[in-house]
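Following: one structure in C-alpha cells, then a few remarks.
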2 protein chains.
Amino acid sequence: METARKILVVDDESDILDFITYNLKKEGYLVATAFNGAQAIEVSKTFKPDLILLDVMMPVMDGIETCAHLKSLPEFAKTFIVFLTARAEEYSEIAGFQAGADDYIAKPIKPKVLITRLNAILRRKEKEETASTKLIVGDITIDRDSFLVYRGTEKIQLARKEFELLFLLASKPGKVFTRDYILEKVWGDEVLVVDRTIDVHIRKIREKLGDDYIGTVKGVGYKFEI
Amino acid sequence: METARKILVVDDESDILDFITYNLKKEGYLVATAFNGAQAIEVSKTFKPDLILLDVMMPVMDGIETCAHLKSLPEFAKTFIVFLTARAEEYSEIAGFQAGADDYIAKPIKPKVLITRLNAILRRKEKEETASTKLIVGDITIDRDSFLVYRGTEKIQLARKEFELLFLLASKPGKVFTRDYILEKVWGDEVLVVDRTIDVHIRKIREKLGDDYIGTVKGVGYKFEI
DNA sequence: GGGCAGGGTTAAATTAATGTTAACCGATTA
DNA sequence: TAATCGGTTAACATTAATTTAACCCTGCCC
C-alpha cells in the first residue's frame, strides 16, 4: 500500500519553484513550497516531507544552514535532503555534504533528470526503511536502525564508536581485523588516534557484552569469536 | 610484467563519470564507463574489469542491486566492487556491504583520496590473489583469515611467529627450507636473532601440533612432512 | 672415550602488545 | 552552571610472545 510521497521544495525564485512544483505534481508527488530556510523549517514541522529539495543559494538563510539546522532536529534525521546547486563543476567541493545533505542535483534542471533522480532516491529510502538491517551472529543481534545490540533478548546500548567497531568485527565473524584496517573503517582516513584508543573501545564492548565475543590475536588484531 | 589495471566506473551523471575517468587515466588505469547497472553488467562481460566503482544512487538499477547481481555471477565473484556513497556515512550505515561490496568511497570525491584508496584496495586484492588465505596440507588447515590452524577439526592457536613459520613450511610441503631462508622470510632482513630461536619456535609448533609434521634435515633446515 | 657438529630442551630474561584505570576535553543536556 | 556522555589520551599493569642462555642429546670421527 503506497501513499504519495511528500516533497518540500525550497527556493527563493518563484519561477523555479513553480517549474519544479509543476513537474513533481505531474508525477503524483505531494508538494509543498517555501521561499527560504526559516520558512522551510516552519513548513516541515507540519508537512513532514519525505524529501526536501533545497536550493543552496538563498538570501536570509541559505541551504547549507537550513540543512544543518534540520539535521540537528531529531524528527528530521531521516528526512532526505537534496541540494540544488548552481553548477556541477566543483561538485567535489559541495560544502553541503558536511551539513548532512544526502544528494544534490545540478542546475539547470531538466525535468526528466529531476524526476528520475528523485525516484531513485526515494526508492532507495524506501528500501532502507523496509530492509532489515539486522546482523545476527550467534546469540548477538546488531540492529543498526535502532542502534541497539541484543544478547539473546537482552537489550544492550553501545556508544557510537563501540557500535561501529562491533559491527565491523561482526560483519565477518572469525576473521581477524588488523588495527590499521579497523582504524581506516571505523575512524576514517584522516583521523589519527593513538593505538590504545582501540583497546579502550574493545574493553568497553567486552564490559557490556561479556568477554567471550571478541578475541584478541596478539600482533595481528581482533576478531568476533564464532 | 605488470599489466595495467582495468576499472569500470558506473554513474548516471556524466560530469562525475568524466571527472573520475580523467583522474584514473592520469594514473595509468584502463577505464571503461557505464551509466547504469544494466549497462555495467553488459560492459563487464567483455571488459572484465579488476575493479568496479559503483555509484549507489542511480535510477533504473541502483548500485546495490547491480552489485548483488554481479556478485551472483561466478565470473565476477572475484571482481572488487567499491561503492560511491553520497554521504559520509558510518561504516554500518552502508547498506551495500551486505550486497557484497568490498569497500566504499564517500562523495564528494577528492582526486587524491580516490587514487590513494584505489591503489590500496588493488594492492590488497593483489596480495589476496597471490597469497591464498587458506592452506590445506594433509589433515592440517592453516587459515590466515582467522589466524587459526586446524588438525582435523581441532582448533589450534599459534602465536604469530609460530604461525608464520608454519605457514612458510606448509606453503611447499616436502621442500626443505634453510635456516637463512626462514630467517629472511619470517623475521625479515634487519632482525638479527640467534640460531636457537628458530629451534625454539619449531619446538613450540611441534608441542602444539604433534611431532610428526615438521621434519629436521640436519645441516640443511626444516620441512613440512607430507 | 673424547671431541665436536648440529640440533633439542628448558627456563629465565626481555620485549612487545594489550588491558585497565583515571583523567581530560568538548558537546549536549538537565 | 552542573552533570553526563562519548571519545580520547596518558600512565601504569598485566600478560603473552619472543629471545637468549645454558645445558642436554645423538651420531660421528679420530
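Values reported hereafter were calculated over all heavy atoms of this structure, with side chains retained and with hydrogens, waters and symmetry mates removed. Note that the coordinates shown come from a computational prediction; the quantities given were computed from them, not determined experimentally.
Residue order along DNA chain D, read from the 5' end via each residue's closest nucleotide, puts A:E162 first among A:R196 and A:E162. Nearest-nucleotide assignment on DNA chain C puts the 5′-proximal partner with B:D199, out of B:D199 and A:R179. Across the interface with DNA chain D, nearest-nucleotide mapping of A:K208 and A:T197 shows A:K208 to be the residue nearer the 5′ end.
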Please walk me through it: do A:R117 and B:D12 pass salt bridge (charged side-chain N to carboxylate O under 4.0 Å, His left out)?
CA-CA 9 Å; A:R117 283 193 66 87; B:D12 60 316; 2.9 Å; yes

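Regarding A:R160, its CZ atom lies at a distance of 14 Å from the C1' atom of C:dA27, rounded to whole Å. Taking atom CZ of A:R203 as the reference point, atom C1' of D:dT8 lies 15 Å away to the nearest angstrom. In this structure, CD1 of B:I202 is placed 14 Å from C1' of C:dG6, rounded to the nearest angstrom. Following rounding to the nearest Å, B:E207 (CD) and D:dA17 (C1') show an atom-to-atom distance of 14 Å. When rounded to the nearest whole Å, the span between NE2 of A:H201 and P of C:dG19 equals 14 Å. Separating the CG atom of B:D195 from the C1' atom of D:dT18 is a distance of 16 Å, rounded to the nearest angstrom. Taking atom CD1 on B:I214 and atom C1' on C:dG8, their separation rounds to 14 Å, with Å as the unit. The interatomic distance linking B:K223 (NZ) with C:dG7 (P) rounds to 14 Å, in whole Å.
At a threshold of 4.0 angstrom between heavy atoms, the contacts of B:V217 are confined to the sugar-phosphate backbone, with no base atom among them. Residue contacts for A:Y222: at a heavy-atom cut-off of 4.0 Å it reaches the sugar-phosphate backbone alone, with no base atom in range. Within 4.0 Å (heavy atoms only), A:K218 reaches at least one base atom of the nucleic acid.
Tested against A:Y150 for a side chain to side chain contact (heavy atoms under 4.5 Å, CB included), the candidates A:I140, A:D139, A:T141 yield a single pass: A:T141.
The phosphate of C:dG19 has OP1 or OP2 within less than 4.0 Å of a side-chain N or O from A:R206. Residue A:T216 places none of its side-chain N or O atoms closer than 4.0 Å to OP1 or OP2 of C:dA17. Put simply, A:W187 has a side-chain N or O that comes within less than 4.0 Å of OP1 or OP2 on D:dT8.
In the displayed structure, B:K223 atom NZ is contacted under 6.0 Å by at most 12 heavy atoms of other residues, nucleotides or ligands.
Geometrically, A:K172 does not engage A:F177 in a cation-pi contact, judged by NZ or CZ lying under 6.0 Å from the ring centre and within 45° of the ring axis.
The closest side-chain donor-acceptor pair between B:N23 and B:Y29, if any, does not fall under 3.5 angstrom.
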